[in-house]
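Below is one structure; the comments refer to it alone.
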Amino acid sequence: NLELNGDPTIIVLEEGWKLLDNPFFAPRIKDWLQSIRKRNGFVIFLTPNIESAFKSGIGDALVQQSATSIFLPNHKATHEGYCEAFKLSEREFELVKTLDPQDRCFLVKHGKDSVLAKLDLGGMEEFIPVLSGTTKNVSLMNQIIQEKGPDPENWLHIFIERAKK
C-alpha cells in the first residue's frame, strides 16, 4: 500500500503498458497521474508500446497528465501513436523514426516545446552496472549493502569491482 503523504516520491512503472488495463493497477495509475504532483511526487512511465498505452482504458489520462515525455528512437513508430496521441509534430515524428539508437539521442517534449538530447556515457563504463537494474546487479548490490551497510561510501567501490567480474 503506497502512502502519498507529501514525502518526495517517485513511482517508476517499467513496462507500464502491461499495467494499464489491469483491474488492480489501472485505477491507481490514473489516480497517481492526476494527483501525484500535489503530493510532492511524480510518475515515470516506461513503455516500448506507445500504441497499447494510449489505447488503454486510461490512455487519455496518461497522455493528458504527461507534462514531459521522452521519446527514444523507434523505427516502428506510428503516426497515430506519436502524432495524434502525443502531439508530436511531423519533424519530431520523423526524428523519432530516423534517429540511430547508437547515437544515444532522444527527443524530450514538454508542452509545445521539444529538444533533441544526447546521453553519451562513453568513458563511464565502470558506472554502467550502477545504473543498470538487472536482477544480477540488484542482487549483488543488496548483498554488498548487507555486508557493508547502506552508506555508498562503504559499498559502491566494492560493487563496481565485483560487477566487472
Side-chain angles (χ1 to χ4, degrees), residues 1-121 124 127-139 141-142 145 150 152:
N1 190 15
L2 179 62
E3 183 180 339
L4 297 172
N5 59 10
D7 290 338
T9 303
I10 301 171
I11 299 172
V12 180
L13 303 171
E14 176 72 43
E15 294 292 344
W17 68 275
K18 292 180 181 179
L19 305 172
L20 293 177
D21 285 320
N22 178 295
F24 177 81
F25 282 107
R28 285 162 180 79
I29 293 170
K30 187 171 185 174
D31 177 59
W32 295 334
L33 290 169
Q34 293 175 334
S35 65
I36 197 166
R37 286 187 303 273
K38 292 179 249 172
R39 297 187 249 172
N40 200 20
F42 62 93
V43 175
I44 298 174
F45 184 88
L46 303 160
T47 184
N49 195 337
I50 284 181
E51 285 77 11
S52 290
F54 84 83
K55 288 180 181 177
S56 76
I58 65 166
D60 59 331
L62 177 67
V63 172
Q64 291 173 12
Q65 298 300 322
S66 296
T68 303
S69 298
I70 298 173
F71 299 95
L72 302 176
N74 182 355
H75 298 178
K76 296 179 182 178
T78 65
H79 197 273
E80 179 185 22
Y82 287 77
C83 295
E84 293 175 27
F86 285 93
K87 308 298 183 214
L88 265 60
S89 69
E90 288 299 325
R91 176 67 180 135
E92 292 165 339
F93 176 64
E94 202 54 39
L95 284 169
V96 170
K97 280 193 68 92
T98 60
L99 285 171
D100 183 349
Q102 298 301 315
D103 289 340
R104 308 290 189 241
C105 290
F106 52 94
L107 181 76
V108 179
K109 185 162 178 80
H110 182 81
K112 293 182 180 182
D113 298 322
S114 65
V115 64
L116 191 59
K118 182 173 185 165
L119 181 61
D120 183 0
L121 299 176
M124 298 183 64
F127 293 105
I128 298 298
V130 176
L131 301 173
S132 171
T134 65
T135 303
K136 180 181 172 186
N137 285 345
V138 171
S139 177
M141 180 191 70
N142 287 333
I145 287 173

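Because only heavy atoms are used, hydrogens play no part in the values below, and waters and symmetry mates are left out as well, while side chains stay in. Here the structure is a predicted model, which means the values were calculated and not measured. Position 1 is the first residue of the sequence; numbering continues from there.
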Could you state the interatomic distance from [atom1] ([X]) to [atom2] ([Y]), rounded to the nearest 0.5 Å?
X	Y	atom1	atom2	result
Leu19	Thr47	CG	OG1	9.5 Å
Ile29	Ile58	CD1	CD1	5.0 Å
Ile128	Leu121	CD1	CG	4.5 Å
Trp17	Asn22	CH2	CG	12.0 Å
Leu119	Ile70	CG	CD1	10.0 Å
Lys87	Glu92	NZ	CD	12.5 Å

Donor-acceptor contact present, side-chain [X] to main-chain [Y], <3.5 Å:
X	Y	value
His75	Leu99	yes
Ser139	Thr135	no
Ser35	Asp31	yes
Lys97	Ala77	yes
Asp120	Arg104	no
His110	Ala67	yes

Salt bridge (Lys or Arg N to Asp or Glu O under 4.0 Å) partners for Glu80, two or more places apart:
Lys55
Heavy-atom pair of closest approach, residues [X] and [Y]:
X	Y	answer
Gly81	Glu51	CA-OE2, 4.1 Å
Glu14	Leu46	OE1-CD1, 3.1 Å
Val63	Ala85	CG1-O, 3.0 Å
Ile145	Pro150	CG2-CA, 4.0 Å
Asp103	Lys118	O-CE, 3.1 Å
Asn74	Lys76	OD1-N, 2.8 Å

Taking the side chain as C-beta and beyond, is there a heavy-atom pair between [X] and [Y] under 4.5 Å?
X	Y	value
Thr9	Arg39	no
Asp113	Val115	no
Glu94	Ser89	no
Ser66	Leu62	yes

For the pair Phe71 and Tyr82, name the ring-plane relationship: parallel under 30°, tilted 30 to 60°, perpendicular over 60°.
tilted
Please list all pairs passing the ring pair (Phe, Tyr, Trp, His ring centres under 6.0 Å) test where one or both residues lie in residues 36-66, with sequence neighbours left out.
none
Does the side chain of Trp32 pick up a donor-acceptor pair with the side chain of Gln34 at under 3.5 Å?
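Side-chain D/A pair, Trp32 to Gln34: absent.
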